[in-house]
Amino acid sequence: MITMLIVEDDVTLNSGIMLSLRQNDVDIQQAYNIKQAKQMLCDKKIELIILDVNLPDGSGFELCKEIRQASQVPIIFLTANDLEIDIVTGLELGGDDYITKPFSLMVLRARVRAILRRARDIKSDNKITIDNMVFNFDTMEFTKNGVALVLSKTEQKLLKILLNNKGSILSRSQLVDKVWSDGAEYVDENALTVSVSRLRNKIEDNPNSPKYIKTIYGMGYMWAGGESFE
């Protein structure tokens, strides 16, 4: 069951969207202002939001900004304003799509389906099973032989980057840029060495002779091992 939230103060349009998207496997929640939307986001696990920009008690842009502090749930903006600056603003704040009124409900349905497909593809990439280990980057749960692995945020980022580039050599500078992508002015490369060592100690059977995280001398690191990779 997929749960969607429509945040639109026009009662007729809100109902029209709801009727257009409602199916046996789709649960539609309706809100007519930001206050109601926030309550529903607390009460329900929402998997897609259709969000009007101009609401009676505030801006959909501001609500999107708040949501993005804690969630990557897909958001489609609705607005009567097709100014380029508003479209850019909505997308830069984290919106996944932008539809200007009036619009075709058929087009809206197609865009909703496309965004949900992309979200499913991303989600499937975030749970990886390899040999006796399961790495779930959605729930932040990592196990080896059924035993939980406690990974720091840095170790999680490093692991995900290595897994996403399995079989490819990543230079030290590439890894530093990707792992510490929070705008830090300078990160000592020794931090990478320490992070790699700590990650190996947690996932490798023999950290001194690693099977998974290989050092390619003079070049960088590579995820190399694994009989199964799903």
Subject >> Within-4.5 Å side-chain heavy-atom neighbours: Asn165 and Lys160 >> reply: no
Subject >> Cluster check Tyr32, Ile67: I/L/V/M/F/W/Y, side chain < 4.5 angstrom >> reply: no
**OP:** Apply side chain to side chain contact (heavy atoms under 4.5 Å, CB included) to Leu175 and Tyr221, showing your working.
**Re:** CA-CA 9 Å; Leu175 285 169; Tyr221 298 98; 3.7 Å; yes
Original post:
Any side-chain heavy atom of Leu158 sitting closer than 4.5 Å to one from Leu192?
Top reply: yes
Subject >> Smallest separation among heavy atoms of Val7 and Ala37, with atom names >> reply: CG2-CB, 3.8 Å
Original post:
Would you call Lys211 and Glu204 a salt bridge, using N to O less than 4.0 angstrom?
Top reply: no
Original post:
Does a salt bridge link Arg68 with Asp96, judged by any charged N lying under 4.0 Å from a carboxylate O?
Top reply: yes
Original post:
When rounded to the nearest 0.5 angstrom, what is the spacing between CG in Leu151 and OG in Ser195?
Top reply: 11.0 Å
Subject >> Salt-bridge criterion met for Asp27 and Arg22 (N-O under 4.0 Å) >> reply: no
Subject >> side chain to side chain contact (heavy atoms under 4.5 Å, CB included) evaluation trace for Thr89 with Phe61 >> reply: CA-CA 8 Å; Thr89 298; Phe61 287 152; 4.1 Å; yes
**OP:** With the side chain counted from C-beta on, respond yes when Gln23 and Leu21 share a heavy-atom pair under 4.5 Å apart, and no when they do not.
**Re:** no
Original post:
Is there a side chain to side chain contact (heavy atoms under 4.5 Å, CB included) between Ile87 and Phe77 once you walk through the steps?
Top reply: CA-CA 9 Å; Ile87 296 173; Phe77 280 115; over 6 Å; no
Original post:
Would Lys45 and Thr3 satisfy side chain to side chain contact (heavy atoms under 4.5 Å, CB included), going step by step from the backbone distance to the final call?
Top reply: CA-CA 7 Å; Lys45 181 184 177 182; Thr3 303; over 6 Å; no
Original post:
Does Glu66 use its side chain to pair, donor to acceptor, with the backbone of Leu63 at less than 3.5 Å?
Top reply: no
**OP:** Work out which heavy atom in Asn14 is nearest to a heavy atom in Ala31; give both atom names and the distance.
**Re:** ND2-O, 3.1 Å
Original post:
Quick one: CD1 on Ile216 to CD1 on Ile169, what's the gap to the nearest 0.5 Å?
Top reply: 5.0 Å
Original post:
Around Met106, counting heavy atoms of other residues, nucleotides and ligands shown, do more than 12 lie under 6.0 Å from its CE?
Top reply: no
Original post:
Taking the side chain as C-beta and beyond, is there a heavy-atom pair between Leu5 and Leu48 under 4.5 Å?
Top reply: no
Original post:
Are Val53 and Leu78 close enough that some pair of their side-chain heavy atoms sits under 4.5 Å apart?
Top reply: no
**OP:** Look at atom NZ of Lys101 and say whether more than 12 heavy atoms of other residues, nucleotides or ligands are closer to it than 6.0 Å.
**Re:** yes
Subject >> Asn201 CG to Asn208 CG distance, which is reported to the nearest 0.5 Å >> reply: 8.0 Å
Subject >> Note, Met222 side chain near Lys166 side chain (heavy atom, < 4.5 Å) >> reply: no
Original post:
Can you tell me if Asn136 uses its side chain to pair, donor with acceptor, with the backbone of Thr139 under 3.5 Å?
Top reply: yes
Original post:
Is Ile46 reachable from Ile76 through a run of I, L, V, M, F, W or Y residues, each pair having side-chain heavy atoms under 4.5 Å apart?
Top reply: no
Original post:
Any chain of hydrophobic side-chain contacts (each under 4.5 Å) joining Met18 to Leu105?
Top reply: yes
Original post:
Hey, what's the ring geometry for Phe142 with Phe137, parallel, tilted or perpendicular (30° and 60° as the breaks)?
Top reply: perpendicular
Subject >> CG on Leu116 to CE on Met4, rounded to 0.5 Å >> reply: 5.0 Å
**OP:** First locate atom OG of Ser59, then atom CD1 of Ile34, and finally report the distance between them rounded to the nearest 0.5 Å.
**Re:** 6.5 Å
**OP:** Would you please say whether a donor-acceptor pair under 3.5 Å links the side chains of Arg172 and Thr193?
**Re:** yes
Subject >> Flag side-chain contact, heavy atom, 4.5 Å: Phe103 against Leu108 >> reply: yes
Original post:
Do Asp205 and Lys144 sit within salt-bridge range, that is, some charged N less than 4.0 Å from a carboxylate O?
Top reply: yes
**OP:** Can you see which heavy atom on Asp97 is nearest to which on Arg111, and at what distance?
**Re:** OD2-CD, 3.0 Å
Subject >> Common cluster, Ile6/Leu19, ILVMFWY with side-chain heavy-atom separation under 4.5 Å >> reply: yes
Original post:
Could you state the interatomic distance from CD1 (Ile115) to CD1 (Ile49), rounded to the nearest 0.5 Å?
Top reply: 11.5 Å
Original post:
If we ignore angles and hydrogens, is there a donor and acceptor under 3.5 Å between the side chains of Asp131 and Tyr212?
Top reply: yes
**OP:** Identify the heavy atoms of Gln30 and Met40 that sit nearest to each other, and give their distance.
**Re:** O-CE, 2.7 Å
Original post:
Are Val134 and Leu162 connected in the hydrophobic side-chain network, where two residues link if heavy atoms are under 4.5 Å apart?
Top reply: no
Original post:
Do Lys127 and Glu141 meet the salt-bridge criterion of a basic N to acidic O distance under 4.0 Å?
Top reply: no
Original post:
Any chance CG of Asn24 has more than 12 other-residue heavy atoms, nucleotides or ligands included, within less than 6.0 Å?
Top reply: no
Original post:
So which heavy atom on Glu47 is nearest to which on Val73, and how close?
Top reply: C-CG2, 3.5 Å
**OP:** For the residue pair Trp223 and Leu170, establish whether any side-chain heavy-atom pair is separated by less than 4.5 Å.
**Re:** no
**OP:** For Arg198, look at atom CZ and say whether over 12 heavy atoms of other residues, nucleotides or ligands are found less than 6.0 Å away.
**Re:** no
**OP:** State whether a side-chain donor-acceptor pair under 3.5 Å links Thr154 with Ser152.
**Re:** no
Subject >> Nearest non-hydrogen partners of Cys64 and Gly95, listed with the distance >> reply: SG-N, 4.2 Å
Original post:
Can you name the side-chain contact (heavy atoms from CB on, under 4.5 Å) partners of Asn33, sequence neighbours left out?
Top reply: Lys35, Gln36, Pro56, Asp57
